[in-house]
Amino acid sequence: MSLSEFELISKISRLFKKLPDIDVGIGDDTAVVTLGSEKLLLTCDALVENSHFLLSWKSLVDDLFFYLGRKLVSVSVSDIASMGGAPLFSLITLGVNSSFSEPDLDKLYNGIRSALSDYGLSLVGGDTVRSENLFFDLFLTGKAKSGFMLRNSARPGELVFVTGTFGDAKAGLEQLLNGEITDSYLVNRFLNPTARLREGQRALSLGVKCGTDVSDGLVFNLYTISEASGVRIDVDLSLIPISENLINYCGKERALSFALFGGEDYELIITAPEDKEGELRKIGFKQIGKVSEGSGVYGNGKLLPKKGYDHLKGDDS
Ligand code: ADP
Ligand code: MG
């Protein structure tokens, strides 16, 4: 297909009307719908063989399917976290074939169970189909207790904050693709991300209105905020959190490029007024930039390219 993932989503979203009980439809990290007096969050994400993982990685990582099970849960929980919500119930579709053994299945579900228990949610069903490529898809519901954070709510004058460090996952993926693991911390950051659930909920409770998670790359997801909110974002490149492991792995210059454009970090980006900085710092957020009138995402005053990892194209786009 010649369309990028994002062109495809916007084409699909034009086909559907927004009904009155849909608070947020296609286009944010989760949908938000009204169910009686409750707001329900809905999201799904898939891990697909040859697009998100390779079977050959089994020779590098003993418990590959355990980690893929954990990752399957964490990536959807991350979308709920970015809204400030709490995850509730999940369903899983498995696409399997004869290359998938019973020990693989046991490992996958042990991983799924361990992550579900970490985040305090349950599996209530799913579907199993035969498929040439293995795939695992998780549908997740969540609850928004008091409002939710959206990509379109950044306002000029606010600051930009993030959790964690960036670029580690890309370095983990690179090692797996090269067939040699030299830093298992970085590989773990790719195979076993942690959804920033508590940080998202706490930010929301401090009154933060704008948030998203970083699945496609820091700059790419800053663009999703910038475009949805109609604002300019300026990043101070020296403030971008980068791990010691990443710098040791590939040097400062490449580390910055991985941090800006590598994907699958599953950290949070929020924007908030300056007076919240102290409280946000206490709950793990670091300031990296500011929001102003205009458009585009800038690093040290220079326009940054909107590129990140696109799973459909399978390369940097
Ligand atoms: P994220 O990276 O946060 O999971 P995505 O980029 O996958 O978000 O999706 C962005 C938005 O597009 C979400 O609202 C998602 O529900 C919607 N979306 C993605 N793929 C499809 C699809 N095939 N049909 C309808 N909506 C989709
Ligand atoms: Mg997301």
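None of these values were measured; they are calculated from a predicted model. The analysis underlying the following values was restricted to heavy atoms, covering all of them including side chains, and did not include hydrogens, waters or symmetry mates. One-based numbering, in listed order, for ligands and for the atoms of each.
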Quiz prompt | Salt-bridge present (Asp234, Arg232; N to O < 4.0 Å) | solution = yes
Exercise. May I ask you to say whether Arg196 pairs ionically with Glu267, meaning some side-chain N is under 4.0 Å from a carboxylate O?
Key: yes
Practice problem: Flag yes if more than 12 heavy atoms outside Lys209 fall under 6.0 Å of its NZ atom; otherwise flag no. | Solution: no
Quiz item: NZ of Lys290: more than 12 outside heavy atoms within 6.0 angstrom?
Solution: no
Self-check item: Vertex the Mg ion (ligand 2), arms to Asp29 OD1 and Asp213 OD1, rounded to 10°
Solution: 90°
What is the nearest protein non-hydrogen atom to [atom], stated with its residue, atom name and distance?
atom                    : answer
atom 2 (O) of ligand 1  : Ser215 OG, 2.9 Å
atom 4 (O) of ligand 1  : Asp79 OD2, 3.0 Å
atom 13 (C) of ligand 1 : Asp28 O, 3.0 Å
atom 7 (O) of ligand 1  : Glu5 OE2, 4.0 Å
atom 8 (O) of ligand 1  : Arg151 NH2, 3.9 Å
atom 23 (N) of ligand 1 : Ile12 CD1, 3.6 Å
atom 5 (P) of ligand 1  : Ile9 CD1, 4.3 Å

Mark up the atoms of ligand 1 that fall under 4.0 Å of a heavy atom belonging to [X], in ascending order.
X     : result
Ile26 : 12 (O), 14 (O), 17 (C), 25 (C), 26 (N)
Asp29 : 3 (O)
Asp45 : 4 (O)

Practice problem: Specify which N/O/S atom of Asp79 comes nearest to the Mg ion (ligand 2), by atom name. | Solution: OD1
Exercise. Decide if the gap between the ring center of Phe53 and the ring center of Tyr67 is smaller than 6.0 angstrom.
Key: no
Quiz prompt | Distance-only N or O hit between ligand 1 and Gly27, under 3.5 Å | solution = yes
Quiz item: Is there a protein heavy atom at a distance of less than 4.0 Å from atom 16 (O) of ligand 1?
Solution: no
Quiz item: Does the side chain to side chain contact (heavy atoms under 4.5 Å, CB included) test come out yes or no for Ser292 and Ile233, once each step is laid out?
Solution: CA-CA 6 Å; Ser292 59; Ile233 292 178; over 6 Å; no
Quiz item: Are the side chain of Glu227 and the backbone N or O of Thr224 linked by a donor-acceptor pair below 3.5 Å?
Solution: no
Practice problem: Keeping the roles fixed (side chain from Lys276, backbone from Leu206), state whether a donor-acceptor pair exists under 3.5 Å. | Solution: yes
Quiz item: What do the steps show when you test Val77 against Val75 for side chain to side chain contact (heavy atoms under 4.5 Å, CB included), and what is the final call?
Solution: CA-CA 6 Å; Val77 172; Val75 298; over 6 Å; no
